[in-house]
S.K.: 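Quick one: this structure, given as C-alpha cells, is what I'll be asking you about.
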Protein chains: 2
Amino acid sequence: MFQGFDDEAAIGKRLRRLSDLIDQDAKRFYDTQDVLFEQRWFGVLNQLVMHGPMSVSELSKALRISHVSVSETRKSLEQAKLITSKPDKTDGRVKRLTFTKSGARLVETMQPIWLALEEASQEINREARNIVAALDRLDAVLTKKSLFERASDKLK
Amino acid sequence: MFQGFDDEAAIGKRLRRLSDLIDQDAKRFYDTQDVLFEQRWFGVLNQLVMHGPMSVSELSKALRISHVSVSETRKSLEQAKLITSKPDKTDGRVKRLTFTKSGARLVETMQPIWLALEEASQEINREARNIVAALDRLDAVLTKKSLFERASDKLK
DNA sequence: CTCATATACGTAGGCGCCTACATATATGTC
DNA sequence: GACATATATGTAGGCGCCTACGTATATGAG
C-alpha cells in the first residue's frame with residue numbers, strides 16, 4: 001500500500017492557514033471599525049508613511065512581494081483616491097507614489113486601529129514565545145538552501 | 001506626523017510570504033519531475049491514502065480548510081480522473097471520494113517525490129530549530145484568543 | 001405527521017499573491 | 001551613434017484559499 005505523510009509536517013500549508021486566520025481576523029476588525037479598507041493597502045501606505053514617496057520597484061523590495069502585486073495595490077489605491085503617482089524627474093521609467101489629501105486623512109483615521117493591531121500582534125508574539133524569531137530562523141534556513149534544492153538532493 | 005509600524009511584526013504577511021516561498025519551490029520541484037500536479041491535490045490525496053474514502057466535510061475538518069476549498073479540489077481531481085465520488089449508502093447528502101485506477105497509479109508515481117519533499121521539510125524543521133513547534137504555539141495562542149478579540153480589547 | 005433546525009455540498013464572486021510577457025527607458029560598450 | 005543588456009512598470013491569466021448563498025437531506029421536538 002502507499003505511505004501517507006504527516007500533514008502536520010506540511011509546513012507550507014500550516015503557514016498559509018495561520019496567515020489566513022490572521023488576515024480574516026484583521027478584516028473582521030476593520031469591518032467593526034466601519035472603515036473601508038483593503039488589507040493589501042497597509043504595507044504600501046505604511047511604507048509611504050515611514051519613507052515618503054516611493055516607486056513600485058522600491059516598494060516591491062521593501063515589502064518582499066512581486067512588483068506586479070505592488071502595481072495592483074497602487075492601482076487600487078489610486079482608484080480609491082488615496083495615493084497618486086508622479087513621474088520621476090530624471091528617470092522616465094519611474095513613478096513615485098505619494099499621498100493625496102484624503103489618503104493622508106485615512107492614514108490619520110487608521111492610526112489607532114493600526115496601533116491596536118500592532119499591540120495585539122506584540123501580545124500574540126509574546127505568548128507564542130517569539131514566533132517572529134522562529135520565522136526569522138525559517139527565513140534564514142530557506143535563504144541558505146531552498147526547499148527545491150533540498151528536495152532535489154533527496155532524490156539523487 | 002504619522003507613526004509607521006514595523007513591517008517585520010506583520011506576522012500575517014510573513015507567514016504568507018514564507019508559505020508562498022515554500023509553495024513556489026514545491027511547484028518548481030514537481031515541474032522538474034515532469035508530473036502534472038496541482039499543489040492543492042496533495043492534502044486530499046494524502047488523506048485518502050491514510051484513511052480510505054472520505055467525504056468533503058470530513059476532509060474539510062481533517063485539512064482545516066473550508067468545505068468550499070475541498071469541493072473545488074474534488075472537482076479538479078475528478079476532471080483529471082484521479083478520484084471519483086460515490087454517494088453514501090445511508091445519508092443522501094454525503095458523497096465519499098475514492099481513488100480511480102489512474103489516481104492510484106499517480107499516487108504510486110508520487111511516492112518518492114513526496115518522500116523527498118517530506119525529508120527536505122524535516123531537514124528544514126531541524127535547521128530552523130523546530131518551526132513546527134513554534135507554529136503549534138502560535139496556533140494555540142490564537143485558538144485561546146483571536147487577533148480580533150485582542151485588537152478589540154486594545155481599542156477599549 | 002409537521003415543522004424548525006442542523007448538516008452536506010455546490011456555485012458565484014472575491015482576495016492577495018504569483019509568472020509570463022510586453023513596452024518604454026536607462027546604461028554601458030564599442 | 002548604434003546596439004546589447006538591464007531596469008521599471010503594466011496587463012493577462014492563474015492559483016489556492018475565502019464568505020455568502022442556495023438546494024437537498026437528516027434529525028429531533030411537539
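Bear in mind the structure is a predicted one, so any value in this text is a computation, not a measurement. Throughout, a chain's letter reflects where its sequence line sits, starting with A, and its residues are numbered from 1. Computed over heavy atoms, backbone and side chain alike; hydrogens, waters and symmetry mates excluded.
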S.K.: Tell me: NZ of A/Lys13 to P of D/dC15, nearest whole Å?
M.R.: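 Atom-to-atom, A/Lys13 to D/dC15, this comes out as 13 Å.
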
S.K.: Can you work out whether B/Ser57 or B/Gln24 has the more 5'-proximal nearest nucleotide on DNA chain C?
M.R.: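 Taking each residue's closest nucleotide, the earlier one in sequence belongs to B/Ser57.
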
S.K.: Rounded to the Å, how far apart are A/Leu36 CG and C/dC15 P?
M.R.: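 Computing the A/Leu36:CG to C/dC15:P distance gives 10 Å.
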
S.K.: Pick the closest DNA chain D nucleotide for A/Glu58 and for A/Arg16 by heavy atoms, then say which residue is nearer the 5' end.
M.R.: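 It is A/Glu58, whose closest nucleotide lies nearer the 5' terminus.
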
S.K.: Check the distance between D/dC15's P and B/Gln79's CD and give it to me in whole angstrom.
M.R.: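 Checked: the CD to P distance equals 12 Å.
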
S.K.: Which nucleotide in the set D/dA12, D/dT9, D/dC17 lies at the smallest distance from any side-chain heavy atom of B/Ile65?
M.R.: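 Closest nucleotide among those given: D/dC17.
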
S.K.: Taking all non-hydrogen atoms of both residues, which atom of B/Phe99 and which atom of B/Gly103 are closest, and how far apart?
M.R.: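 In this case the closest contact between B/Phe99 and B/Gly103 is CD2-C, 4.0 Å.
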
S.K.: Check the distance between C/dC17's P and A/Phe42's CZ and give it to me in whole angstrom.
M.R.: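 To the nearest whole Å, that distance equals 12 Å.
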
S.K.: Between C/dC18, D/dA8, C/dG10, which nucleotide has the shortest distance from any of its atoms to the side chain of A/Val94?
M.R.: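 Closest nucleotide among those given: D/dA8.
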
S.K.: Below the 4.0 Å mark, does D/dG10 have OP1 or OP2 next to a side-chain nitrogen or oxygen of A/Lys95?
M.R.: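 Yes.
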
S.K.: What residue among B/Tyr30, B/Phe42, B/Trp41 forms ring-ring contact (aromatic ring centres under 6.0 Å, His included) with B/Trp114?
M.R.: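 With B/Trp114 as partner, B/Tyr30, B/Phe42, B/Trp41 yield a single ring-ring contact (aromatic ring centres under 6.0 Å, His included), made by B/Phe42.
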
S.K.: Are B/Ser66 and D/dC18 close enough that a side-chain N or O sits under 4.0 Å from OP1 or OP2?
M.R.: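 Answer is yes, contact under 4.0 Å.
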
S.K.: When you measure from the side-chain N and O atoms of B/Arg74 to the phosphate of C/dG10, is any distance below 4.0 Å, counting only OP1 and OP2?
M.R.: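 Result: yes.
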
S.K.: Kindly say if A/Lys27 contacts the phosphate of C/dG16, meaning a side-chain N or O under 4.0 Å from OP1 or OP2.
M.R.: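 False: A/Lys27 side-chain N/O out of range (4.0 Å or more) of C/dG16 OP1/OP2.
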
S.K.: How would you label the contact of B/Thr90 with the nucleic acid (heavy atoms, under 4.0 Å): base, sugar-phosphate, or nothing?
M.R.: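 Sugar-phosphate contact only.
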
S.K.: D/dC17 P sits how many Å from B/Glu38 CD, rounded?
M.R.: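 The answer, rounded to whole Å, is 11 Å.
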
S.K.: A/Val68 has a side chain; which of C/dC9, D/dG10, D/dC18 sits nearest to it?
M.R.: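 Nearest to the side-chain atoms of A/Val68, counting from C-beta on, is D/dG10.
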
S.K.: Any N or O donor-acceptor pair linking the side chain of A/Glu72 to the base of C/dC18 at under 3.5 Å?
M.R.: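 Between C/dC18 and A/Glu72, which were checked side chain against base, a qualifying N/O pair under 3.5 Å is present.
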
S.K.: Tell me the closest heavy-atom pair linking B/Ser102 and B/Leu82, and the distance in Å.
M.R.: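 Shortest heavy-atom separation between B/Ser102 and B/Leu82 comes out as O-CD2, 3.9 Å.
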
S.K.: Check the phosphate of D/dG16 against B/Arg40, side-chain N and O only, distance under 4.0 Å to OP1 or OP2. Yes or no?
M.R.: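 Yes, because at least one side-chain N or O of B/Arg40 sits under 4.0 Å from OP1 or OP2 of D/dG16.
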
S.K.: Could you check how far NE2 of A/His67 sits from P of C/dT25, rounded to whole Å?
M.R.: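 It is 16 Å, rounded to the nearest whole Å.
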
S.K.: In a check of salt bridge (charged side-chain N to carboxylate O under 4.0 Å, His left out) between B/Lys154 and each of A/Glu118, A/Glu123, A/Glu119, which one passes?
M.R.: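 Checked A/Glu118, A/Glu123, A/Glu119 against B/Lys154; only one passes salt bridge (charged side-chain N to carboxylate O under 4.0 Å, His left out): A/Glu123.
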
S.K.: What is the distance, rounded to the nearest whole Å, between atom CG of B/Asp23 and atom C1' of D/dC15?
M.R.: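 Nearest whole value for this atom pair: 9 Å.
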
S.K.: Is there a donor and acceptor pair closer than 3.5 Å between the side chain of A/Arg93 and the base of D/dT9?
M.R.: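 Per atom types, no contact qualifies.
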
S.K.: Measure the distance from CG on A/Asp20 to C1' on D/dT19 and round it to the nearest whole Å.
M.R.: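 So the two atoms are 12 Å apart, to the nearest Å.
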
S.K.: So what does B/Ser76 hit on the nucleic acid, given a heavy-atom distance under 4.0 Å: a base, only sugar-phosphate, or nothing?
M.R.: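 B/Ser76: no heavy atom of the nucleic acid under 4.0 Å.
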
S.K.: What contact category does A/Thr73 fall into here, base, sugar-phosphate, or nothing, at under 4.0 angstrom with non-hydrogen atoms?
M.R.: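 No contact.
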
S.K.: Is the phosphate of C/dG10, meaning OP1 or OP2, less than 4.0 Å from a side-chain N or O of B/Ser71?
M.R.: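 So the side-chain polar atoms of B/Ser71 do come within 4.0 Å of the phosphate oxygens OP1 or OP2 of C/dG10, strictly under.
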
S.K.: Can you list the residues that meet the side-chain hydrogen bond (donor to acceptor under 3.5 Å, both in side chains) rule with A/Lys81, with sequence neighbours excluded?
M.R.: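 Here no residue qualifies.
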
S.K.: May I ask you to check whether over 12 heavy atoms, not counting those of B/Lys27, lie within 6.0 Å of atom NZ?
M.R.: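 No, because the 6.0 Å sphere around NZ of B/Lys27 holds 12 heavy atoms or fewer from other groups.
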
